[in-house]
Amino acid sequence: MKPKPKWRPCSSCLKQQTKSQTLMYCNKENVNILTALLVKHGIKHAVVCPGSRNAPIINNLNECHDIACYPVTDERSAGFMALGLAQATGRAVAVCVTSGTALLNVAPAAAEATYQHNGIVVISADRPEAWIDQLDGQTMRQPQALHNCVAKSVTLPQPGNEEERWHCNRLVNEALIECNKRNRASVHINVPIGEPLFDFTTAQLPDERKIDFAEAETGNTALLQADFTQAQRPMIVLGQSTANSTIAEAIEMLQKRAVIVGEPIAAVNTTAHAEEILYACKNHDDLMPDFVLYVGDAIVSKRLKQFLRKSQALVWKVGLDSMVHDTFMHLRGIVEGEPGHILHNMAQLMQNSPLPPGSTAYIELWQQANRGVTEHIHAHKPAYSQLMAVRELELLLQEATQHGTWHVHYANSTSIRLACLYAQGHHYVWCNRGINGIDGSVSTAAGFSIASECNTLLVTGDLSFFYDQNALWNQNLQGNLRIVLLNNGGGGIFRQLKGLENGPLRNNLVAASHNTHAQGICEQNHVAYRTAHNEQELEQGVQWLLTPTSHQPMLLEVLTEASHDETAYKNFYHTLYNTINQ
């Protein structure tokens with residue numbers, strides 16, 4: 001294929017509105033964020049259509065020396081003119097229209113540009129949401145109006161706080177990244193703008209964060225590698241993904257260059273207990289990273305997410321999903337590709353590069369904290385409670401796995417948090433963390449057991465179990481399905497929410513207190529059943545449940561008092577804090 005000739009504009013193409021000598025931008029924050037990112041993402045040409053609602057956008061585009069503006073009255077023609085500019089330049093081109101039906105006239109060009117892989121950036125001004133469908137002039141439902149013609153549609157907020165500013169920045173980055181991907185499809189950015197419209201008093205555009213995007217197969221990971229190599233406090237965060245030997249090998253190569261943080265739902269089951277380290281260590285500033293490589297999907301630890309959001313670390317996301325997942329609110333770039341291969345190539349490239357000053361001390365600081373936490377987890381024996389139940393189960397499970405393969409599932413809420421304490425560093429954990437609901441955990445484990453020849457073990461709380469009890473109403477279930485039901489008569493995790501400490505709101509309405517047991521459900525579905533009310537029955541019950549073979553599914557119901565579970569949980573963390581800081 002011949003390379004495309006370089007585009008050289010003729011004199012007529014260079015005609016545009018004269019830029020003012022003193023640049024003054026509008027006072028609409030979402031418009032200024034959009035303008036700054038259009039420049040950073042390399043938009044050089046904009047076709048602008050007349051209107052009052054889009055005047056702040058047109059003003060900003062005209063004030064940017066980096067963007068050439070071309071006025072066209074007919075929006076349908078303007079869209080195709082933008083397409084022609086995109087064809088000639090090989091770059092995305094913006095077309096800006098006012099509110100109302102003006103937007104619909106751009107649909108033919110947006111669709112054509114998408115199918116040609118010469119996408120255009122459709123920017124539409126809009127009325128504030130409060131006035132839509134209120135018989136006000138030039139108002140219609142503009143969000144998603146072009147959804148069949150474009151690859152991405154976003155509607156920008158009118159920011160009133162830092163979180164909304166971050167959201168606005170992220171949405172613009174998402175749209176412009178999509179437009180500049182290999183398939184170069186059109187995108188739609190809808191911009192609600194309230195009055196006054198013509199206040200052009202802002203002297204300077206904000207220095208907006210640009211999120212970079214690279215496809216790993218192109219080898220374009222130089223920015224990521226440079227940020228990683230220069231980092232003095234690097235961290236790799238492993239989110240949920242299926243166990244992967246390639247990632248495990250790469251992480252082993254990189255563990256001398258970075259702090260490795262993960263949970264048992266990750267591809268690599270690390271020994272790092274980030275949730276407990278961040279709870280116990282007083283000085284978080286010393287633990288703060290300056291670079292984060294985020295691999296995989298969701299993480300359980302809310303404390304870790306909040307910690308990384310407070311940091312100023314450069315964050316890179318690596319994975320097969322090219323969507324903008326700005327979980328830690330500091331996303332620097334995305335590399336799309338198979339994580340194991342990306343990490344392995346990076347580890348090899350960095351093998352001979354020197355370690356930045358301070359990085360070894362930073363890694364050792366985390367390792368020292370983790371040793372203290374791990375020792376406490378092993379040494380601390382809680383009173384009879386759900387905490388004790390999972391601790392006992394995981395200890396005996398380590399012995400059971402020496403004689404056969406066990407696939408372990410945990411339900412959400414308290415169950416998965418207990419897994420992060422006691423399964424960490426021992427085995428992989430399956431959990432429905434894609435969205436993190438309590439529905440369907442029993443059915444998921446049941447389905448897994450049907451397709452697997454190995455034993456499948458589920459640990460679930462009571463609300464999750466009784467919500468999904470029909471999973472046991474299934475004639476295909478076999479003796480390889482085992483369930484530990486942690487029943488304390490309600491949603492135990494709600495006891496950890498400040499502000500709901502006492503009263504009927506928490507117990508009766510939020511935590512859904514109940515007196516339901518599973519014996520009848522098990523009997524009607526031919527599931528072997530036992531209960532545990534104390535430590536001795538617990539140990540015997542777990543040994544019974546982990547019997548290698550069975551002719552029918554088995555369920556152990558561990559009955560505890562919610563108040564005792566709460567006390568055991570608090571006591572664990574109280575003694576952990578004192579141990580680490582003594």
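Side-chain contact, H427 with Q398: no donor N or O sits under 3.5 Å from an acceptor N or O. Side-chain contact check for T246 and H344: no donor-acceptor pair (N or O, by modelled atom type) lies under 3.5 Å.
Aromatic pair Y573/Y569: ring centres closer than 6.0 Å. No close placement of the Y384 and H533 rings is indicated, their centers lying 6.0 Å or farther apart.
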CA sep, side-chain torsions, deciding dist, call: K181, S322, side chain to side chain donor-acceptor pair (under 3.5 Å): CA-CA 10 Å; K181 285 181 182 176; S322 63; 2.6 Å; yes

Tabulate below the donor-acceptor pairs under 3.5 Å that side-chain atoms of residues 289-300 make, not counting sequence neighbours, or state none.
from : atom 1 : to   : atom 2 : distance (Å)
D290 : OD1    : R233 : N      : 2.9
D290 : OD2    : Q232 : N      : 3.0
D290 : OD2    : R233 : N      : 3.3
Y294 : OH     : D297 : O      : 2.5

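We find the CD1-CD distance between I342 and Q225 to be 12.5 Å, quoted to the nearest 0.5 Å.
For T460, there are no side chain to side chain donor-acceptor pair (under 3.5 Å) partners at least two apart in sequence or on another chain.
Few gaps surround NE2 on H403; more than 12 heavy atoms of other groups in view lie less than 6.0 Å from it.
The main-chain N or O of G425 is found under 3.5 Å from a side-chain atom of N269 such that the two form a donor-acceptor pair. Looking at N169, its side chain does come within 3.5 Å of a backbone N or O of R209 through a donor-acceptor pair. Of the possible polar contacts, one joining the D326 side chain to the H330 backbone as a donor-acceptor pair under 3.5 Å is found.
A salt bridge links E174 with K152; the closest basic N to acidic carboxylate O contact falls under 4.0 Å.
Within the structure, ring-ring contact (aromatic ring centres under 6.0 Å, His included) contacts touching residues 431-471 (residues at least two apart or in different chains) are H407-F448, H409-F448, W430-F448, F466-H514.
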